[in-house]
J.: 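My structure is below; once you've seen it, I'll send some questions.
Computed from a prediction, not measured in an experiment: that's the story for all the values here. Scope of the values below: all heavy atoms of this structure, side chains included, with no hydrogens, waters or symmetry mates.
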Amino acid sequence: MAKTLFQKIIDREIPAKIEYEDDQCVVLHDIEPQAPVHLLIVPKKPIPRVAEAAAADEPLLGHLLTVAGTVAKKLNLAHGFRLVINNGPHACESVPHLHVHMLAQRQMTWPPG
């Protein structure tokens with residue numbers, strides 16, 4: 001199976017502006033930002049989409065959310081941020097590698113999308 005764009009970034013085959021990294025994930029700036037702050041929290045383990053995550057992935061999925069909080073503190077996003085996970089083509093999933101969008105520094109509307 002071919003590597004996804006995110007796997008190539010994780011393997012440093014493609015450059016990216018990385019905000020944070022640990023042994024389980026990488027946080028990078030989106031190349032087509034939809035807000036003044038638009039980061040992608042990407043697990044290093046390639047999971048195609050959240051609907052294909054297994055029970056064994058629960059600690060990793062929880063880690064992605066706690067990393068969001070860590071990065072929000074680092075970037076002083078005290079007014080709030082939104083986390084989004086797209087799953088499948090009807091949700092505008094563009095890369096088949098689970099990732100969490102973190103959007104901030106603009107007023108979000110409800111309902112989204």
Side-chain angles (χ1 to χ4, degrees):
M1 181 180 232
K3 285 184 178 182
T4 67
L5 171 70
F6 294 144
Q7 287 171 297
K8 290 177 182 179
I9 290 170
I10 291 165
D11 292 342
R12 303 302 196 266
E13 296 171 13
I14 295 175
K17 183 178 177 188
I18 295 175
E19 187 66 43
Y20 172 92
E21 184 173 14
D22 63 25
D23 62 327
Q24 297 180 70
C25 70
V26 63
V27 178
L28 52 111
H29 290 260
D30 195 298
I31 60 171
E32 294 183 24
Q34 302 300 306
V37 172
H38 187 168
L39 301 171
L40 305 175
I41 306 167
V42 183
K44 290 183 176 179
K45 177 183 178 182
I47 301 168
R49 59 195 49 88
V50 73
E52 295 182 37
D57 296 318
E58 287 181 25
L60 174 59
L61 299 177
H63 180 71
L64 301 178
L65 299 181
T66 58
V67 165
T70 298
V71 172
K73 287 176 189 160
K74 176 183 174 189
L75 297 178
N76 195 26
L77 302 177
H79 292 294
F81 58 91
R82 178 171 285 171
L83 300 177
V84 177
I85 300 173
N86 299 324
N87 188 92
H90 285 232
C92 292
E93 175 188 278
S94 59
V95 178
H97 186 134
L98 184 144
H99 56 286
V100 180
H101 293 261
M102 180 181 211
L103 303 142
Q105 292 188 337
R106 73 166 167 84
Q107 180 62 56
M108 302 293 160
T109 59
W110 195 260

J.: Check whether V27 and L77 end up in the same hydrophobic cluster, where Ile, Leu, Val, Met, Phe, Trp and Tyr are linked by side-chain heavy atoms less than 4.5 Å apart.
T.: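 V27 clusters together with L77.
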
J.: Look at the side-chain heavy atoms of Ile, Leu, Val, Met, Phe, Trp and Tyr, link any pair under 4.5 Å apart, and say whether L65 and L28 land in one connected group.
T.: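 Different clusters.
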
J.: Using a 4.5 Å cut-off on heavy atoms from C-beta on, say whether the side chain of Y20 contacts that of V67.
T.: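 Contact flag for V67/Y20 side chains = yes.
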
J.: Identify the two heavy atoms, one from F81 and one from A72, that lie closest to each other, and give their separation to 0.1 Å.
T.: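 Scanning both residues, the minimum pair turns out to be CE2-CB, 3.4 Å.
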
J.: Using side chain to side chain contact (heavy atoms under 4.5 Å, CB included), reason through L40 and H101 one step at a time and then give a plain yes or no.
T.: CA-CA 5 Å; L40 305 175; H101 293 261; 3.2 Å; yes

J.: Is it true that L60 and V71 fall in one hydrophobic cluster, defined by side-chain heavy atoms closer than 4.5 Å?
T.: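 Looking at the clustering, V71 is in the same group as L60.
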
J.: Let me confirm one number: the CD-CZ distance from Q107 to R82, rounded to the nearest 0.5 Å.
T.: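 The distance works out to 8.5 Å.
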
J.: Spell out, yes or no, whether V84 and V50 are grouped together once hydrophobic residues are joined by side-chain heavy atoms under 4.5 Å, including indirect joins.
T.: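 Each belongs to a different hydrophobic cluster.
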
J.: Under the side chain to side chain donor-acceptor pair (under 3.5 Å) definition, can you give me all pairs with a residue in residues 40-67, not counting sequence neighbours?
T.: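 Only E21-K44, D22-H63, K45-D57, R49-E52, R49-E93 qualify under side chain to side chain donor-acceptor pair (under 3.5 Å).
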
J.: Please round to the nearest 0.5 Å and tell me the distance separating atom CD1 of I18 and atom CG of L39.
T.: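 Here the interatomic distance stands at 12.0 Å.
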
J.: Quick one: NZ on K8 to NE2 on H97, what's the gap to the nearest 0.5 Å?
T.: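 It comes to 13.5 Å.
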
J.: Is I10 linked to V95 within one hydrophobic cluster, defined over Ile, Leu, Val, Met, Phe, Trp and Tyr using a side-chain heavy-atom separation of less than 4.5 Å?
T.: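 I10 clusters together with V95.
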
J.: For residues L64 and V42, report the shortest heavy-atom separation together with the two atoms involved.
T.: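 Between these two residues, the closest heavy atoms are CD2-C, 4.5 Å.
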
J.: Over all heavy atoms of both residues, which pair between A35 and A104 is shortest? Give the atoms and the distance, please.
T.: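 Taking every non-hydrogen atom into account, CB-O, 3.6 Å.
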
J.: In Å, rounded to the nearest 0.5 Å, how long is the span from CE of M102 to CD1 of I41?
T.: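 Rounded to the nearest 0.5 Å, the CE-CD1 separation comes out at 5.5 Å.
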
J.: Mind checking the CG-CG spacing from L103 to D30? Nearest 0.5 Å is all I need.
T.: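 Reported to 0.5 Å precision, the distance equals 8.5 Å.
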
J.: Looking at residues at least two apart in the chain, or sitting in another chain, which of them share a salt bridge (charged side-chain N to carboxylate O under 4.0 Å, His left out) with K74?
T.: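 E19.
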
J.: Using 30° and 60° as the class boundaries, would you call the ring planes of H99 and F6 parallel, tilted or perpendicular?
T.: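 Rings of H99 and F6: perpendicular, over 60°.
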
J.: Calculate, to the nearest 0.5 Å, the distance between atoms OG and CG belonging to S94 and N86 respectively.
T.: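 Going from the OG atom of S94 to the CG atom of N86 covers 7.5 Å.
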
